[in-house]
Amino acid sequence: MEDLFDLVIRKGTVVLIDDVSQLDIGIRNGKIAALGENLVYSEQTPVYDADNLLIVPGVVDAHVHFNEPALGHWEGFATGSASLAAGGCTTYIDMPLNGVPPTVRLGALERKLEAAEGSSTVDYALWGGLVPGNVGNLQELAEAGVIGFKAFMSCPGGEGEDIFAEVDDLTLLEGMKEIARLGLVLALHAESEEIVSKLAVQAQLEGKREPLDFVATRPIAAELEAVSRALYYAEQTGCKLHFVHISSAEAVQVIEEAKARGLDVTVETCPHYLVLTSADLDRLGPVAKCAPPLRTAEDQDRLWEAVIGGKLDMLASDHSPCPSSMKQGDFFEAWGGISSAQSSLELMLDEGHLRRDVPLPLLARMLSTEPAKRFGLYPRKGEISLGADADLALVDMKLSYSLQASDLLYRHKHSPYVGKTFGCRVKATFLRGAQVYGLHEGVVGETEGAWLRHAAAGGESRG
C-alpha cells in the first residue's frame, strides 16, 4: 500500500546512531515518517535522488557568535545562518557576546530575538551569559528560554560599558549555585586569566609579537588550571558544566576523571584544533588566531586519540567572525576568532573519516546527537530516526574541491581554510523536510529558522 509523504529522499547512504545503511527516507509534516529500503509511495510524491550521497543528521552547532544586536556588520543572523546551511548545519546555539548589549539580561535577550526573527535560514537556540553583577538575572533568562549560560574565566576582550566581562571566583561560585538550582548548564571558556594576562604583559615588554609568542602566552597549563578550578566548584554546587573549545588532551583527561567521579560535565573541541596546528598559525597569521591558541602537531594527535577513544562529547565551530580589517596588523592586537561555521562538517568528514578512518556514526554523534541531547533539543534534533525533525545534510564524499573565498557565505569572506582541498562537499541541506541549501542553487526556499526555547521554559518554538 502506498504511503503518503511530502517528500521521499531515496537510496542515500544514511548515518544512523550506530550504523550506516542505504535507505529511503519518507518525510511528512517536516518529520521523518519512514526509514526503509524501497519505500512505497505515490507517483505524485516529490523525490530527491540521493544515490551515491551520504546523508548525515543536520549538524547542531552549539557554539557560534553572530554578534547581533548592534554588531551585525561583523556577522549577523542572515549571513551567519546562510553559511551554516551551506555547511550542512540545521540548528545552532548563539553565544551571548559580542552583541551590544550582551545577552545577560531579559531586555538584551528580547533585542537579540528581534534581530533573529525572520532572518535565520535554519533553527536556533540562544545562550544567556553569566557576568559579574547579573546572578540575580539568570532566572528571568532561564524562564524566557535560554538553553544555558556562558561564562569566561579569562578576559574575552572588548571595550566600553556594555562588554561581556570575565567572572571572578565569587561570581563563578554564586553563579554555579543559581544555575544548578535552575537545572541548566554552564558553559565555560576555561583559561586562567592570572596566567595568560601576566604572560601577555611579559611578552610585550620583551618585544615578542609573533604568532608563536602569542601561543606561548596561553599555555596548556592555563587551560588545565581553569578546568580544575571549575570542576572543584561544580563538585561543591552540583552545577552541570560544559567546557567549550578545549584544546588539549591533558584537559580532556582531567574532565574524564571528573566524569568518573560522577560529575555531570561535557566537553567540546573544535575542528580547528583537529585540523590546524601552531605551525599553520605561524604561516597563516591572524586569520588563524583564536583562544585557546592552536597547538603543536603532537598535541593534535593526542586530541584525535581522545576523539577516537570517546572521551570528547561534541564538536562545535566556535565561529567568531569579524571585519577583515581586524585580522590585519599587529598579531597581539588582531581579533582572536576563527571564521569556520561553513566548514565544520566537511572538515570532520575529510580529516576524520577520509584521512583518519574515524567511524561515521561517531562523527555524527559528536556533531549532532550529543549537542542536541546536552542542550535539551533531543529527540527533535540530532538524529535520523522516526519522529525526529527531517534535518539532513547530503554530502558527496567523492566531490573534491579547493575552497575559495567566493564560496563563503560569511559577511566577511576570510577563513584559514581558504585554499584548502577538501575530499567531500555538502550537496544539499534540508530543514524540517524543506530544502534550504543546494550546491548549485545556494540558499533556497521560504522556510524560516525557528527559535527553540529550552524545554524547561516550555520548549515551544517561535518563528
Side-chain angles (χ1 to χ4, degrees), residues 5-15 24-28 30 32 44-61 64 66 75-92 116 118-124 317 319 339-347 349-350 367-368 384 389-413 415 417-418 420-450 463:
F5 300 115
D6 301 320
L7 174 69
V8 170
I9 300 178
R10 62 187 299 273
K11 297 192 179 304
T13 302
V14 180
V15 181
D24 297 342
I25 303 175
I27 298 168
R28 186 187 306 117
I32 297 173
Q44 289 73 40
T45 302
V47 174
Y48 189 105
D49 189 352
D51 193 23
N52 297 319
L53 296 180
L54 184 73
I55 304 179
V56 299
V59 172
V60 179
D61 192 338
V64 303
F66 287 165
E75 183 92 279
F77 287 104
T79 52
S81 66
S83 67
L84 284 168
C89 177
T90 51
T91 305
Y92 60 92
S119 298
S120 185
T121 302
V122 297
D123 290 350
Y124 56 95
S317 69
H319 178 65
S339 292
S340 56
Q342 189 169 322
S343 299
S344 291
L345 177 59
E346 291 175 354
L347 283 166
L349 290 176
D350 179 67
L367 286 161
S368 305
I384 299 176
D389 282 359
D391 292 355
L392 308 166
L394 281 60
V395 185
D396 189 333
M397 295 298 288
K398 296 182 179 179
L399 182 56
S400 179
Y401 80 107
S402 176
L403 180 68
Q404 303 302 309
S406 58
D407 296 321
L408 298 172
L409 301 188
Y410 312 140
R411 182 172 294 276
H412 303 283
K413 301 182 186 302
S415 168
Y417 306 116
V418 170
K420 176 179 172 57
T421 297
F422 292 80
C424 59
R425 193 164 194 181
V426 173
K427 188 79 176 291
T429 304
F430 287 81
L431 173 70
R432 291 180 266 119
Q435 187 174 352
V436 292
Y437 171 80
L439 176 57
H440 302 296
E441 305 91 338
V443 174
V444 297
E446 298 180 356
T447 299
E448 289 184 2

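Heavy-atom minimum distance, Ser340 versus Tyr410: C-OH, 3.2 Å. Between Leu409 and Ala86 the shortest heavy-atom distance is CD1-CB, 3.8 Å. Nearest heavy atom pair, residue Thr429 against residue Gly88, reads OG1-CA, 3.5 Å. Between Pro57 and Ser368, the closest heavy-atom pair is O-OG, 3.3 Å. Nearest approach of Ser415 to Leu408, heavy atoms of both residues: CB-CD1, 4.0 Å. Heavy atoms only, all atoms of each residue included: Val59 and Cys89 are closest at O-SG, 3.2 Å.
Side-chain contact check for Val64 versus Ser317: some heavy-atom pair is nearer than 4.5 Å. In this structure the side chain of Leu349 reaches within 4.5 angstrom of the side chain of Leu54, judged on heavy atoms. Put simply, the side chain of Leu367 does not reach to within 4.5 Å of the side chain of Val56, judged on heavy atoms. Using a 4.5 Å cut-off on side-chain heavy atoms (C-beta onward), Ser120 and Tyr92 make contact.
Under the side chain to side chain donor-acceptor pair (under 3.5 Å) criterion, Thr13 pairs with no residue, sequence neighbours left out. By the side-chain contact (heavy atoms from CB on, under 4.5 Å) test, Arg411 pairs with Glu75, Thr79, sequence neighbours left out. Scanning for salt bridge (charged side-chain N to carboxylate O under 4.0 Å, His left out) contacts around Asp391 gives Lys381, with sequence neighbours left out. Shown here are the side-chain contact (heavy atoms from CB on, under 4.5 Å) partners of Ser402, two or more places apart in sequence or in another chain: Gln404, Thr421. Remark: Ala85 engages Thr121, Val122, Val436, Tyr437 in a side-chain contact (heavy atoms from CB on, under 4.5 Å) (not counting sequence neighbours). Considering only residues two or more places apart in sequence or on other chains, Lys398 meets the side-chain contact (heavy atoms from CB on, under 4.5 Å) condition with Asp396. By the ring-ring contact (aromatic ring centres under 6.0 Å, His included) test, Phe430 pairs with Tyr48, sequence neighbours left out. Judged as a side chain to side chain donor-acceptor pair (under 3.5 Å), and not counting sequence neighbours, the contacts of Glu346 are Tyr401. Residues satisfying the side chain to side chain donor-acceptor pair (under 3.5 Å) test with Ser344, not counting sequence neighbours, are none. Taking the side chain to side chain donor-acceptor pair (under 3.5 Å) definition, one finds that Ser119 meets it with nothing, sequence neighbours left out.
The distance from the CD1 atom of Ile55 to the NZ atom of Lys11 is 12.0 Å, given to the nearest 0.5 Å. Remark: Ile27 CD1 to Ile32 CD1 distance equals 7.0 Å, nearest 0.5 Å. Rounded to the nearest 0.5 angstrom, Lys413 NZ and Ser339 OG are separated by 11.0 Å. Note that CG of Leu394 is 11.5 Å distant from CG of Leu439, once rounded to the nearest 0.5 Å. Rounding to the nearest 0.5 Å gives a distance of 9.5 Å between NZ of Lys420 and OG of Ser343. The line from OG1 of Thr90 to CG of Leu392 is 8.0 Å long, rounded to the nearest 0.5 Å.
Distance alone, capped at 3.5 Å, places no donor-acceptor pair between the Thr91 side chain and the Tyr124 backbone.
Screening residues 424-443 for salt bridge (Lys or Arg N to Asp or Glu O under 4.0 Å) gives Asp123-Arg432, Asp407-Arg425 as the qualifying pairs, with residues at least two apart or on separate chains.
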Open item on the list: Between Leu347 and Phe422, does the side-chain contact (heavy atoms from CB on, under 4.5 Å) criterion hold? Intermediate values first, please.
Closed with: CA-CA 7 Å; Leu347 283 166; Phe422 292 80; 3.5 Å; yes
